Protein chains: 2
Amino acid sequence: MISLTATQELRVYGQGMQTRSPAGRAGRPRSAAADAAILAATREALVELGWSKLTLGDVATRAGVAKTTLYRRWAGKNELVVDAVAELFDELELPDRGSLAADIEGVVLQFAAILALPEAKSGLMAVVAEATRDEALRERIRASVVDRQKRLVLEGRARAQARGELPPEPDPRSAARTVDLIFDMVAGAVVHRTLVSAEPADEEWVRGFTRVLLQGLGT
Amino acid sequence: MISLTATQELRVYGQGMQTRSPAGRAGRPRSAAADAAILAATREALVELGWSKLTLGDVATRAGVAKTTLYRRWAGKNELVVDAVAELFDELELPDRGSLAADIEGVVLQFAAILALPEAKSGLMAVVAEATRDEALRERIRASVVDRQKRLVLEGRARAQARGELPPEPDPRSAARTVDLIFDMVAGAVVHRTLVSAEPADEEWVRGFTRVLLQGLGT
DNA sequence: GGCTTTCGCTACGAGTCGTAGCGTAATGCC
DNA sequence: GGCATTACGCTACGACTCGTAGCGAAAGCC
């Protein structure tokens with residue numbers, strides 16, 4: 001519990017390296033290098049061992065730190081893996097490709113490329129499964145992974161409305177529902193294709209998906 | 001490995017109780033009651049403990065059998081949970097509701113109801129995560145869970161084509177791709193809504209989803 | 001230099017794993 | 001009924017992981 005708070009503070013330091021004395025904190029600061037090494041080691045262990053056989057002792061050894069250091073920063077395996085996997089989604093962007101269809105295809109391909117990584121496959125679904133019984137963990141995933149993706153949907157939608165490709169939706173409540181729906185449809189389809197069907201979400205598949213999403217099955 | 005084959009044979013016996021001497025097998029037969037008790041106990045443990053804290057020893061105690069009996073029938077936790085969760089999808093059907101939209105809404109609501117069960121939530125995603133590193137497990141999930149769902153898509157599509165709601169697709173390869181795409185979109189969206197967004201896939205959501213799936217975002 | 005916090009290390013009890021061995025129970029075949 | 005065969009319950013086991021405690025040393029801020 002305490003270590004969880006401390007972790008969040010540390011990550012804040014990591015972002016703003018310049019801050020002199022972070023909120024009146026004295027003593028030896030936590031090693032940012034150790035933090036990075038631990039997360040990298042976690043991803044490495046996910047690739048080699050998978051979720052169930054991953055042990056915190058092994059991660060500590062790989063990272064070159066003591067096991068106790070790991071427990072001081074993360075409450076457990078779940079939280080550690082969430083942070084390790086979350087970094088994979090940092091590069092997710094939505095470049096303007098001129099049309100809604102092209103924008104969707106571009107971002108879906110990015111998303112699919114990340115999900116194709118073995119560390120994302122084995123880690124992400126496992127923590128989502130654990131999160132069904134852990135409210136705090138669900139919130140952690142939402143904040144560090146899901147919301148960043150959803151923001152892209154919001155952005156792409158606004159862009160398409162500006163282009164006139166999508167009708168404006170004045171009622172904010174209805175608009176929020178639509179965004180949630182689109183998000184679940186896009187992310188859900190890619191995840192299901194990649195993890196359950198175990199087939200690559202390649203360009204051909206993405207083209208077909210985008211066509212159905214925009215025009216429906218009727219045509 | 002041996003026990004896995006034996007398990008499948010046992011399940012066959014369970015279906016056709018009448019068979020006299022099943023393929024020249026001698027000796028004391030496996031208890032079908034024990035099998036049912038174990039799977040029920042597994043679901044119960046999934047609800048109370050979740051995937052990660054579920055132990056085979058605990059399941060054995062709940063089911064009233066010895067731990068060794070469990071290991072004789074299943075290779076491990078993964079295979080056991082797949083079988084336990086698979087039974088939840090037995091009742092999935094596709095009643096004819098007159099139109100493609102109504103058919104989709106009906107089956108999606110059924111699927112959502114199953115996914116809302118805590119034993120499905122915590123169990124299904126966990127084994128899918130494990131299956132990313134285990135080809136045999138992936139095949140087991142495909143055979144006992146996924147294919148049964150996909151058959152509904154195939155059936156609903158044929159029905160809609162007979163009604164004239166969907167255009168016929170002569171090329172079988174292209175048709176198979178379309179079915180796969182639709183399946184990933186439907187199942188993926190419901191799963192993502194239920195497990196990641198952690199919101200109920202209720203009637204209102206299903207209506208919106210069906211509208212987008214059939215007519216696209218454009219309208 | 002003094003204060004504070006982190007770090008590496010060792011050690012620990014508790015719990016789980018998957019297996020082996022044994023005697024017993026239940027069936028099919030003769 | 002007797003025999004072979006297989007499943008069952010039970011006990012015990014070494015190996016491993018867990019999460020924590022305690023200690024001295026290290027690294028920063030005043």
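Nothing here was measured: the structure is a model prediction, and the numbers come from that model. Numbered from 1 within each chain, the chains take letters A, B, ... in sequence-line order.
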Check your understanding: Is a donor on one side and an acceptor on the other found under 3.5 Å between the side chain of R138(B) and the backbone of R133(B)?
Key -> no

Review point. Once you round it to whole Å, what is the distance between P of dA7(D) and OH of Y71(B)?
Key: 18 Å

Check your understanding: Rounding to a whole Å, what distance do you find between L54(A):CG and dC16(D):P?
Key -> 17 Å

Revision key, fill the gap. Here the distance between atom C1' of dG19(D) and atom CH2 of W74(A), to the nearest Å, is 17 Å

Practice item. Measure up the F89(B) and F111(B) rings against each other and bin them: parallel (under 30°), tilted (30 to 60°), perpendicular (over 60°). Key: tilted

Review point. Has the side chain of R72(B) got a donor or acceptor atom sitting under 3.5 Å from an opposite partner on the base of dG18(C)?
Key: no

Review point. If you measure from CG on L137(B) to OG1 on T132(B), what distance do you get to the nearest 0.5 Å?
Key: 9.5 Å

Study note, to complete from the structure: Contact check, residues 57-70 of chain A vs DNA chain C, heavy-atom distance under 4.0 Å, returns G64(A), V65(A), A66(A), T68(A), T69(A)

Exercise for review: Take E130(A) and K77(A), measure what salt bridge (charged side-chain N to carboxylate O under 4.0 Å, His left out) needs, and give me the verdict at the end.
Suggested key: CA-CA 10 Å; E130(A) 289 300 309; K77(A) 191 164 149 178; over 6 Å; no

**Study point:** Side chain R177(B), main chain R173(B), donor-acceptor under 3.5 Å
**Key:** no

Review point. Rounded to the Å, how far apart are N78(A) CG and dC18(D) P?
Key: 12 Å

Point to revise | Test log, rule salt bridge (charged side-chain N to carboxylate O under 4.0 Å, His left out), inputs R151(B) and D147(B) | key: CA-CA 6 Å; R151(B) 203 176 309 141; D147(B) 271 0; over 6 Å; no

Practice item. Run the numbers on R72(B) and T68(B) for side chain to side chain contact (heavy atoms under 4.5 Å, CB included), then give the verdict. Key: CA-CA 6 Å; R72(B) 286 191 193 101; T68(B) 44; 3.9 Å; yes

Check your understanding: In whole angstrom, what separates R30(B)'s CZ from dA7(D)'s C1'?
Key -> 8 Å

Review point. For the pair made of NZ in K53(A) and C1' in dG18(C), what is the distance, rounded to whole Å?
Key: 12 Å

Are any protein N/O atoms closer than 3.5 Å to N/O atoms in nucleotides 1-4 of chain C? If there are, list each pair with its distance.
none

Practice item. Would you please test D35(B) and R73(B) for salt bridge (charged side-chain N to carboxylate O under 4.0 Å, His left out) and show each step? Key: CA-CA 9 Å; D35(B) 224 57; R73(B) 305 192 181 195; 2.7 Å; yes

